[in-house]
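All chains are named by letter (A, B, ...) in the order of the sequence lines, taking the proteins before the strands, and each is independently numbered beginning at 1.
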There are 4 protein chains.
Amino acid sequence: MSRMREMDDKKAKRELILDAAVRVFSRRGYHEARMEEIALEAGIGKGTIYEYFDSKLTLFQEVLGRSRDIYYNSLAIENENSLSLREKIRLVFLSHIRFCQENKELTRVVFWDTEIMDEELKAWSYEKRKEKERMLSEVIEKAMEAGEIRGINPYALTLVITGALGALWLPIVLEEWSGDAESLAGELTDIIFEGIKG
Amino acid sequence: MSRMREMDDKKAKRELILDAAVRVFSRRGYHEARMEEIALEAGIGKGTIYEYFDSKLTLFQEVLGRSRDIYYNSLAIENENSLSLREKIRLVFLSHIRFCQENKELTRVVFWDTEIMDEELKAWSYEKRKEKERMLSEVIEKAMEAGEIRGINPYALTLVITGALGALWLPIVLEEWSGDAESLAGELTDIIFEGIKG
Amino acid sequence: MSRMREMDDKKAKRELILDAAVRVFSRRGYHEARMEEIALEAGIGKGTIYEYFDSKLTLFQEVLGRSRDIYYNSLAIENENSLSLREKIRLVFLSHIRFCQENKELTRVVFWDTEIMDEELKAWSYEKRKEKERMLSEVIEKAMEAGEIRGINPYALTLVITGALGALWLPIVLEEWSGDAESLAGELTDIIFEGIKG
Amino acid sequence: MSRMREMDDKKAKRELILDAAVRVFSRRGYHEARMEEIALEAGIGKGTIYEYFDSKLTLFQEVLGRSRDIYYNSLAIENENSLSLREKIRLVFLSHIRFCQENKELTRVVFWDTEIMDEELKAWSYEKRKEKERMLSEVIEKAMEAGEIRGINPYALTLVITGALGALWLPIVLEEWSGDAESLAGELTDIIFEGIKG
DNA sequence: CATGAATGAGACTTCATTCAT
DNA sequence: GATGAATGAAGTCTCATTCAT
């Protein structure tokens, strides 16, 4: 076998393992994923994984890294310098939605949260979130009827608001952001109400 | 000891364990948390936890449930029916930020994602996110200079956009949302640019 | 309270614990029995058992010892020296069957071959059995000398009798056999004396 | 390694574990037996046992089941239909004594009335005993019809025979009795057939 | 003396990783 | 190189026993 072909084989088997790992990590999360299941999914022996990856953690890091790279590449906004910001943002949203729709397993690895989640807890969690969404939607529709806000898709607004909330805890908790709450709350609300159009 | 006092003690010890558990689950995540560490943190013996909670999962469920309840109660928007939507949204943002600032450990339990996160991976993850933010900020500032958008806090806009993105994968992947990508992307962009004011 | 009364109380509580222990050991066996269940059954606190018994093993040893004493006393063949061997054997069978029928819990403790058997207990158990065999052998040899029975290996007869006794508790206690004690004792004795030859 | 050899190895290791388990269960009983001790006895690692058996209980069940099968097969009286009842009974005693003498550890596992006995095992155990009794009763009744033995209660005879068998293992295994199997079997049969009457 | 909350040694079991074949 | 049987560290949980009240 030529050295070229050998390397291709080597690369191909790595790829095989990574593909299997994406699927398994996606449906089990890191801790519930078993090396044996990944090997089985890849159709190879358990020990073979260790020929290509140092450890479970290493494998996961590569899976996560590649998945995120694929995701970020799919956003592809840097190549579109001629577009307006509006168009760029629209494109980001569009690419994101399409990526998620077309790569559910990759998406799960990239955005996965709370790994344990036995069925009871999952249901409870889901209900709580739905309740929050229902509450928000109700308030939004009332405000729309009252003419306080213009006609928009309430679900889209829900996404914007809950999204900002979800994005807002990490810098505070992990990066020790300690700015002024009043100003930030005001600025966020201002953007949502007045828009950013120049 | 009076029966009254006894019950207080019983309750107090439960509370003691829950407090310790919040701290340990917060800094380790569910799987990396060790029952022994929780006991140590609470200043009690390993077996004592099992006098108050059936299992590790049960304990975590209570910690998560209580943390979320505290969080949702802190938002407290239902009692403020007289306020305008604008004011309500501002209040939600404000409460959220203040809660996160004042209850970092609780926050971590409530919003925690991807539990493994050894230091290397955490750093890598952080860098990737920062890069995304920098990129966005740059684009935003350019658009602001060009007069395409009005003068706003770029970081606030970053939060709105990345937040919406972060909120957008779960319904697609877990709830099998399969609406039209084009319309949703358009509506989201529209909200951000035009605002929602009536 | 008088010293006399105190000692009665002390004795009464020991008795209370032993009674509870017989019931629990009988239905659970040694290893599955929980000290807490014994305390509950006795209507006292868990710690109180340790005021009267050094350990679970000690408690079991006393329960086993007393149960066996009660059993052996119920056989009561030594006081009946005037009887013929045939009548003695019939009486042993009869007493055994009646004891089993009337003391199912005690019976279970006595005959349930528990695996614990620390060295001390094993020795005690062994000695008790040997004593029973010696007694039987003596009686047999006397009867043989007296010409009441023909020349046989006394040990073999001991095996047949103690064997039948050992085989006789399980159907009574576990399968709720409730036939007529007199007839069965008679039939067994008859077989042993007359043989089964046609 | 050839697939044939592999399977032999796999089987051999199972056998290795089962052998070690017989020894350890025999000298410790179920509850006092430690998985680590079994592994040590087998000269393998603790985890290896779990490659071949699901749990400690499963392992014990197989040990007990196999031991009993070996014992029951050793009795082998069903193939000897031409023999008289007297000869059959003598053979049962003989086989039993020889089995106990030659398989002390197996014997201990078979006759040591362990308290574990989960429901499945209990049912299995009960069924096996009932089967033994049925077989004996059948043989007895046939012999009675044929006039080989006189009219007696077959159940009583069953008790005498199984009782003697049950009484016969302990002196052999624990007290290292090493008398002549032929004579003892003969003497027991003689007592049962001829009776002891002078 | 009586209690039961607290304890921690020690059991079973899992599973990432190794290594002889 | 590929394999999977073997490993043992490490985790959760139990329960006899202790001891402050």
Side-chain angles (χ1 to χ4, degrees), chain A residues 1 6 9-10 13 31-40 42-60, chain B residues 1-2 5-6 9-10 13-14 17 31-39 42-59, chain C residues 1 6 9-10 13 31-40 42-60, chain D residues 1-2 5-6 9-10 13-14 17 31-39 42-59:
Chain A
M1 200 188 289
E6 250 177 67
D9 275 15
K10 184 116 189 170
K13 193 155 287 193
H31 276 102
E32 292 305 318
R34 305 282 163 253
M35 292 302 268
E36 188 148 27
E37 190 176 354
I38 293 172
L40 197 77
I44 58 166
K46 210 186 337 174
T48 309
I49 297 178
Y50 289 86
E51 297 281 329
Y52 296 87
F53 302 92
D54 283 343
S55 69
K56 187 184 181 184
L57 186 58
T58 304
L59 174 58
F60 179 73
Chain B
M1 202 190 288
S2 75
R5 185 59 187 281
E6 249 176 67
D9 277 16
K10 188 108 192 174
K13 179 94 34 140
R14 253 188 89 86
I17 294 169
H31 275 105
E32 293 303 322
R34 305 287 162 241
M35 292 303 268
E36 193 147 24
E37 187 176 359
I38 294 173
I44 58 169
K46 212 191 328 176
T48 307
I49 298 177
Y50 290 89
E51 296 278 323
Y52 296 86
F53 302 92
D54 283 343
S55 68
K56 187 185 181 182
L57 184 58
T58 302
L59 175 58
Chain C
M1 202 190 285
E6 250 177 65
D9 276 15
K10 183 114 190 174
K13 191 156 285 190
H31 276 103
E32 291 305 317
R34 305 282 165 253
M35 292 301 267
E36 189 148 25
E37 189 176 357
I38 294 171
L40 197 76
I44 57 167
K46 211 189 331 176
T48 309
I49 298 178
Y50 289 87
E51 298 281 328
Y52 296 87
F53 302 92
D54 283 345
S55 68
K56 187 185 183 184
L57 186 57
T58 303
L59 175 59
F60 178 73
Chain D
M1 200 190 291
S2 77
R5 184 61 186 278
E6 248 176 69
D9 277 15
K10 188 110 192 171
K13 179 94 34 145
R14 252 187 88 87
I17 294 170
H31 276 104
E32 294 302 320
R34 305 282 163 247
M35 293 303 268
E36 190 148 26
E37 188 176 356
I38 294 172
I44 57 170
K46 213 187 329 177
T48 308
I49 298 177
Y50 290 88
E51 295 279 323
Y52 295 86
F53 302 91
D54 284 342
S55 67
K56 186 184 181 183
L57 185 58
T58 303
L59 174 58

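- Following rounding to the nearest Å, E37(D) (CD) and dG10(E) (P) show an atom-to-atom distance of 15 Å.
- When all heavy atoms of M35(C) and Y50(C) are compared, the pair lying nearest together is CE-OH, 3.5 Å.
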Between protein and nucleotides 18-20 of chain E, what N or O pairs are separated by less than 3.5 Å?
none

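- Of all the heavy atoms in Y52(B) and R14(B), the pair that sits closest is O-NH1, 3.3 Å.
- If you measure from atom CD1 of I49(A) to atom P of dA2(F), you get 12 Å, rounded to the nearest angstrom.
- Distance, F53(B) CZ to dA5(E) P: 15 Å, rounded to whole Å.
- The shortest distance between the side-chain N/O atoms of K13(C) and the OP1/OP2 oxygens of dC1(E) is not below 4.0 Å.
- When heavy atoms are screened at a 4.0 angstrom cut-off, A33(B) is found touching the sugar-phosphate backbone but no base atom.
- Atom pair I38(A):CD1 and dT17(E):C1' shows a separation of 14 Å (rounding to whole Å applied).
- Place S55(C) and I44(A) on DNA chain F by their nearest nucleotides, and I44(A) ends up nearer the 5' end.
- Contact detail for H31(A) and K56(A): the closest heavy-atom pair is O-NZ, 3.8 Å.
- Taking 4.0 angstrom as the limit, R34(A) places a side-chain polar atom (N or O) nearer than this to OP1 or OP2 of dA16(E).
- One interatomic measurement links the two molecules: CG of L57(C) to P of dC15(F), which rounds to 17 Å at whole-angstrom precision.
- The distance between atom CD of E36(B) and atom P of dG10(E), rounded to the nearest whole Å, is 14 Å.
- Smallest separation of non-hydrogen atoms from T48(D) and I17(D): O-CD1, 4.4 Å.
- Pairs of Watson-Crick or G-U wobble type, with distances under 3.5 Å, assemble into runs of 3 or more in DNA chain E at these ranges: E:2-21 with F:2-21.
- Between dA5(F) and T48(D), no contact under 4.0 Å exists linking OP1 or OP2 to a side-chain N or O.
- Summarising the geometry, the separation between CD on E32(D) and C1' on dG10(E) is reported as 12 Å, rounded to the nearest angstrom.
- Checked against side-chain contact (heavy atoms from CB on, under 4.5 Å), K46(D) has the following partners two or more places apart in sequence or in another chain: E36(D).
- Rounded to whole Å, atom P of dA16(F) lies 14 Å from atom CZ of F60(C).
- Set against dA5(E), dC12(E), dA5(F), the side chain of M35(D) has dC12(E) as its closest nucleotide.
- For the pair G43(B) and K56(D), nearest-nucleotide mapping onto DNA chain E gives the more 5' position to G43(B).
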